[in-house]
Amino acid sequence: MKQYWLMKSEPDEFSIDALCKVGREPWSGVRNYQARNFMMTDMKVGDGILFYHSNCTVPGVTGLAEVASPAYPDPTQFLPRSDYFDAASKPDQPRWWLVDVGFKRKFKRTVSLDEMRAQADALGDFALLRRGNRLSVLPVTAAQYKHILTLE
DNA sequence: GCCAACGTTGGC
DNA sequence: GCCAACGTTGGC
């Protein structure tokens, strides 16, 4: 059963255009257990992803991607020079896991957070719209995914 | 740059 | 196990 997800990225760090260019990217750097668990245990190759730009002028969904690999340990946790280094994580029992994300397409226009808020009735309970939500990887229902596509 | 919300850490 | 302190996220 195909599932759907929303994954946030700061466009200054890694935008939908950057993903388009490289085609596929290991989603490294997630250091939140809830977000990790989604990648580690729930995501399956081929799952759909809404690519979301955060911390920018117009936050919102800017394109589509897909889960392109099974989960594997995030290599950056073992790199002492990395911002994402985690001294407490041991290679025989990695703490942080990720999946590769593959580019599908860029939206013609951004479906903004404002627009999605305005569609709260149609979208129903949506983790992205919950107050104070800071999760960078979150589940989306098939109905929500479909509805957001109609807003493009 | 501000700040509310929230997760994590560590002392007790 | 509680909770204050602290760090981070992310909208504005």
Side-chain angles (χ1 to χ4, degrees), chain A residues 3-22 25-43 47-67 71-141 143-145 147-152:
Chain A
Q3 298 186 89
Y4 298 91
W5 309 93
L6 181 144
M7 296 174 86
K8 298 179 183 174
S9 186
E10 302 191 13
D12 288 349
E13 297 296 321
F14 191 75
S15 66
I16 188 73
D17 291 324
L19 183 61
C20 178
K21 197 175 260 181
V22 297
E25 180 77 2
W27 209 252
S28 57
V30 170
R31 293 296 180 265
N32 169 283
Y33 287 105
Q34 226 182 322
R36 179 208 66 176
N37 291 344
F38 288 137
M39 291 197 288
M40 187 175 71
T41 62
D42 298 330
M43 283 189 182
D47 279 1
I49 297 169
L50 298 170
F51 194 98
Y52 180 93
H53 281 181
S54 66
N55 240 315
C56 55
T57 316
V58 183
V61 177
T62 55
L64 301 181
E66 65 185 345
V67 176
Y72 60 97
D74 181 343
T76 63
Q77 70 196 303
F78 303 123
L79 304 175
R81 292 249 192 69
S82 168
D83 287 345
Y84 304 121
F85 179 62
D86 183 348
S89 182
K90 299 298 162 209
D92 58 337
Q93 205 170 359
R95 180 179 289 184
W96 304 112
W97 292 66
L98 53 68
V99 297
D100 286 354
V101 169
F103 178 77
K104 281 186 81 176
R105 69 180 177 85
K106 182 182 176 178
F107 279 180
K108 293 185 286 288
R109 53 179 292 279
T110 299
V111 176
S112 71
L113 180 60
D114 278 350
E115 289 170 86
M116 289 187 279
R117 283 220 182 92
Q119 299 284 321
D121 286 347
L123 290 171
D125 185 29
F126 189 10
L128 181 74
L129 303 180
R130 281 183 211 139
R131 198 176 68 115
N133 169 66
R134 300 184 312 166
L135 261 188
S136 63
V137 176
L138 51 96
V140 178
T141 67
Q144 288 162 346
Y145 184 89
H147 188 73
I148 286 166
L149 288 187
T150 69
L151 303 176
E152 181 189 354

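Naming convention: chains lettered A, B, ... in sequence-line order (proteins, then strands); numbering from 1 in each chain. Atoms considered below: every heavy atom in the structure, side chains included; atoms not considered: hydrogens, waters and symmetry mates.
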Margin query: Please classify the nucleic acid contact of A/R130 as base, sugar-phosphate, or nothing, using heavy-atom distances under 4.0 Å.
Written below: nothing
Check: Rounding to a whole Å, what distance do you find between A/D114:CG and C/dG11:P?
Finding: 10 Å
Notebook entry, point to check: Within this structure, what is the CG-to-C1' distance between A/N133 and B/dG7, rounded to whole angstrom?
Noted result: 13 Å
Item checked: Atom pair distance, as rounded to whole Å: CG in A/D86 and P in B/dG7 -> 18 Å
Checklist line | First encountered from the 5' end of DNA chain B, between A/R134 and A/N55 | finding: A/N55
Item checked: Atom-pair distance (CD on A/Q34; P on C/dT9), nearest Å -> 15 Å
Check: So, is A/K8 near the phosphate of C/dG10, with a side-chain N or O under 4.0 Å from OP1 or OP2?
Finding: yes
Note to self: Could you tell me if A/T76 and A/D74 have a donor-acceptor pair between their side chains, going purely by distance under 3.5 Å?
What the structure shows: yes
Checklist line | Selected nucleotide, minimal atom distance to A/P59 side chain, candidates C/dG10, B/dT8, C/dG11 | finding: C/dG11
Next item on the list: Verify the distance criterion only: is there a donor paired with an acceptor across the side chains of A/H147 and A/Q119 at less than 3.5 Å?
Entry: yes
Notebook entry, point to check: A/E10 CD to C/dG10 C1': how many Å, rounded?
Noted result: 8 Å
Notebook entry, point to check: Atom CG of A/L128 and atom P of C/dT9: how far apart are they, to the nearest Å?
Noted result: 16 Å
Check: For the rings on A/Y72 and A/W96, is their centre-to-centre separation under 6.0 Å?
Finding: no
Next item on the list: Can you tell me the distance, in whole Å, between the CE atom of A/M7 and the P atom of C/dT9?
Entry: 15 Å
Next item on the list: For A/R31, report the nucleic acid contact type (base, sugar-phosphate, nothing); a contact means any heavy atom under 4.0 Å.
Entry: nothing
Note to self: Check this one for me: any side-chain N or O of A/R131 less than 4.0 Å away from OP1 or OP2 of B/dA4?
What the structure shows: no
Checklist line | Full working for salt bridge (charged side-chain N to carboxylate O under 4.0 Å, His left out) between A/R109 and A/E152 | finding: CA-CA 6 Å; A/R109 53 179 292 279; A/E152 181 189 354; over 6 Å; no
Item checked: A/F14 and A/F51 aromatic ring geometry - parallel, tilted or perpendicular at 30°/60° bounds -> tilted
Checklist line | Atom-pair distance (CD on A/E13; P on C/dG10), nearest Å | finding: 12 Å
Note to self: When you measure from the side-chain N and O atoms of A/Y33 to the phosphate of B/dC6, is any distance below 4.0 Å, counting only OP1 and OP2?
What the structure shows: no
